[in-house]
Amino acid sequence: MKLYNILTQSVEPFEPQEPEAVTIYVCGITPYDTTHLGHAFTYTAFDILIRYLEFQGYDVRYVQNVTDVDDDILRKAREVGENWMVIGDRWTAHFIQDMQTLNVRPPDYFPRATDVISQMIETVEALLDAGYAYESDGSVYFHTAAWPEYGKLSRIPRAEMLPIANEHGNVPDDPKKRDPLDFVLWQAQAPGEPAWDSPWGAGRPGWHIECSTMSAHYLGATIDIHGGGADLVFPHHESEIAQSECATGQQPFVRFWLHTAMVHHEGEKMSKSLGNLVMARDLLTTWSPDALRLYLGCHHYRDAWEHGDEALEHAEALAQKLRRAATAAGGHSPPVDPTPKRATFVEAMERDLDTRAAIAVLEALAEEILDGSEAGREVKAAQDTLRNLGDVFGLRLDAGEPDPRVVAGWDEHLRRFEKSS
RNA sequence: GGCGCCGUAGCCAAGGGGUAAGGCAAGGGUCUGCAAAACCCUGACCGCUGGUUCGAGUCCAGCCGGCGCCUCCA
């Protein structure tokens, strides 16, 4: 399979480190608000990648984090006068329910940031020992000037980073930093904020450290694939690379970096700050999960696209056609041979996940089945293939309900988020 | 400003040197008591200007236009 790796800016043949297993990490949500269509796009896109890898026989080990303590959640907690943990648990449960409805394969590990505080402290200590970080008045910072490779993912020239950052009104005047570009690994407790004990005093983890820590902890120092939304490239993923490669001393931290494009609505990027959000859950009151998955799959993961009802109507019609094909009665005339369609489907997916082309193959196969059924031909083998290929897209066809394994896997994660709410 | 993506029919698009897939919409038709569905038929100065070439959506250069990201974000 070929995948576009933004690290090398080229489509490269993908081979995992181990011949039969793939390690993948996808940046998760900050649970302080609801799951919108952009989240659904990202997580179903990586779900398709993971399901396709499994379809090809790989054993996939998948980690997704939950950023349950950060500036946004704490701000939200102050705004609404609620405990930050209650907010995090509530919105994580909400996210999980949406993932279940969409039949998204659960990650094998779904840790909160606060589940790995001690491991994060160890990462920060490793960075201090290696000389890439410094402690300053109870906080610890990554010293970007100490690592010349900072910028290799986003390719922003070093000289540009600081002026750009300053232009954007960010406050480079934290007196505790040596360099305004340095980012925090551990921040000393602010009044009223939650804190954990550390060698540098009470505080909480910085913005990027959880992903570096979890990735190494659950998957190893070098992983095959790291995914997330394209808006995370800089500084989040850039900083993750710096932390991980400096802390473990091993390169690369990630072999393939994959990013999903942003979903647009009303002509602008769908974003919390612009207020043009479309909630996955609201769409699911009108459209079937299969239709929504086909709708999302009809857009290539690297192409930005505009949300609109017309394409959803098309997707719903397609979902119905696939469902009809999966259940059409067969006869005894010569069978419909699904082999060529299966090969075309695989060819499309091998080409950097050309999901649009792959869905077109599903539709063509469904039409062959419907035609064959009408002509009294045997369609069982073709229907088995349709189900098999549809499963790569997480389609349930006539099953109606999400896959029981999907529900059970997420339910197990869900239990850990229901205690405080 | 930097980095990146992209301009192909009304819309979504495939194709990445050999003479323009497909889908939606629109119009016409078949079928139907009417309608729907289904099926058939109908559409392109490939952003502009140069260059390379026997031949350029396709490669190169330059321009024009759109979009994304740039320590809030999937």
Next item on the list: Could you check how far CZ of A:Arg75 sits from P of B:C73, rounded to whole Å?
Entry: 10 Å
Check: Is the base of B:C73 touched by the side chain of A:Lys269 through a donor-acceptor pair closer than 3.5 angstrom?
Finding: yes
Margin query: At 4.0 Å (heavy atoms only), tell me whether A:Ala357 reaches a base, stays on the sugar-phosphate, or touches nothing.
Written below: nothing
Margin query: Strictly below 4.0 Å, N to O, side chains only: are A:Arg90 and A:Asp33 in salt-bridge contact?
Written below: no
Margin query: Suppose you measure atom C1' in B:G65 against the same atom in B:A37; what distance do you get, rounded to whole Å?
Written below: 42 Å
Note to self: Can you confirm whether the side chains of A:Tyr58 and A:Glu54 place a donor and an acceptor under 3.5 Å from each other?
What the structure shows: no
Note to self: By the 4.0 Å heavy-atom rule, please label A:Gly28 as base, sugar-phosphate, or nothing.
What the structure shows: sugar-phosphate
Notebook entry, point to check: Is there a Watson-Crick or G-U wobble partner for B:A26 with both distances under 3.5 Å, and if so, which one is it?
Noted result: B:U42
Notebook entry, point to check: Mapping A:Arg302 and A:Cys27 to their closest nucleotides on RNA chain B, which lands nearer the 5' end?
Noted result: A:Arg302
Check: If you measure from the P atom in B:C63 to the same atom in B:U19, how many Å do you get, rounded?
Finding: 33 Å
Next item on the list: Both distances under 3.5 Å, Watson-Crick or G-U wobble: report the partner of B:G1, or none.
Entry: B:C70
Notebook entry, point to check: Which part of the nucleic acid does A:His264 contact within heavy-atom distance under 4.0 Å: base, sugar-phosphate only, or nothing?
Noted result: sugar-phosphate
Check: When the C1' atoms of B:U8 and B:A20 are considered, how many whole Å apart are they?
Finding: 9 Å
Next item on the list: Would you mind calling B:G57 syn or anti? Take O4'-C1'-N9-C4 for purines or O4'-C1'-N1-C2 for pyrimidines, and syn is within 90° of 0.
Entry: syn
Next item on the list: Could you tell me whether A:Arg302 and A:Asp352 have a side-chain N and a carboxylate O separated by less than 4.0 Å?
Entry: yes
Item checked: Between P of B:C24 and CH2 of A:Trp305, the distance in whole Å -> 19 Å
Next item on the list: Just call it for A:Phe41: base, sugar-phosphate, or nothing, with non-hydrogen atoms closer than 4.0 Å on any strand.
Entry: nothing
Next item on the list: If the glycosidic angle is within 90 degrees of 0 it's syn, otherwise anti, so just tell me which one B:G4 is.
Entry: anti
Check: Between B:G22 and B:G15, how far is it from one P atom to the other, in whole Å?
Finding: 15 Å
Notebook entry, point to check: For B:G7, what is the paired nucleotide under Watson-Crick or G-U wobble rules, both distances under 3.5 Å?
Noted result: B:C64
Checklist line | B:U49 versus B:C67 - spacing of their C1' atoms, nearest Å | finding: 24 Å
Next item on the list: Under a 3.5 Å limit for both distances, which nucleotide forms a Watson-Crick or G-U wobble pair with B:C59, could you say?
Entry: B:G51
Margin query: Regarding A:Phe183, tell me which of base, sugar-phosphate or nothing describes its non-hydrogen contacts under 4.0 Å with the strands shown.
Written below: nothing
Checklist line | Separation of the P atoms in B:A14 and B:C59, to the nearest angstrom | finding: 14 Å
Can you give each donor-acceptor pair under 3.5 Å made by side-chain atoms of residues 320-330 of chain A, sequence neighbours left out, with the distance rounded to 0.1 Å?
{"unit_1": "A:Lys321", "atom_1": "NZ", "unit_2": "A:Glu363", "atom_2": "OE2", "d": "2.9"}
{"unit_1": "A:Lys321", "atom_1": "NZ", "unit_2": "A:Glu367", "atom_2": "OE2", "d": "2.6"}
{"unit_1": "A:Arg323", "atom_1": "NE", "unit_2": "A:Leu397", "atom_2": "O", "d": "3.4"}
{"unit_1": "A:Thr327", "atom_1": "OG1", "unit_2": "A:Arg323", "atom_2": "O", "d": "3.0"}
{"unit_1": "A:Thr327", "atom_1": "OG1", "unit_2": "A:Arg324", "atom_2": "O", "d": "3.3"}

Note to self: Could you tell me how far apart A:Glu238 (CD) and B:G4 (P) are, to the nearest whole angstrom?
What the structure shows: 13 Å
Checklist line | Nucleotide B:C12, atom P - distance to OH of A:Tyr295 in whole Å | finding: 13 Å
Next item on the list: Rounded off to whole Å, could you give me the CG-to-C1' distance for the A:Asp354 and B:A21 pair?
Entry: 13 Å
Checklist line | Ring-face cation of A:Arg61 near A:Tyr218 (centre distance under 6.0 Å, axis angle within 45°) | finding: no
Next item on the list: Establish, from distance only, whether the side-chain atoms of A:Gln56 and A:Glu350 form a donor-acceptor pair under 3.5 Å.
Entry: yes
Next item on the list: Between B:C12 and B:U53, how far apart are the P atoms? Round to whole Å, please.
Entry: 37 Å
Margin query: Classify A:Val263 by what it touches in the nucleic acid, base, sugar-phosphate, or nothing, heavy-atom distance under 4.0 Å.
Written below: base
Next item on the list: Could you check which nucleotide pairs with B:A37 in any of the strands shown, counting Watson-Crick or G-U wobble with both distances under 3.5 Å?
Entry: none
Notebook entry, point to check: Regarding A:Tyr295 and A:His307, is there a side-chain donor-to-acceptor distance under 3.5 Å anywhere?
Noted result: yes
Checklist line | Spacing between A:Glu363 atom CD and B:A38 atom C1', to the nearest angstrom | finding: 13 Å
Margin query: Measure NE2/A:His265 against P/B:G68 and give the value in whole Å, please.
Written below: 15 Å
Notebook entry, point to check: C1' atom, B:G43 versus B:C5: distance in rounded Å?
Noted result: 30 Å
Next item on the list: Provide, to the nearest angstrom, the distance between the CG atom belonging to A:Asp231 and the C1' atom belonging to B:G68.
Entry: 10 Å
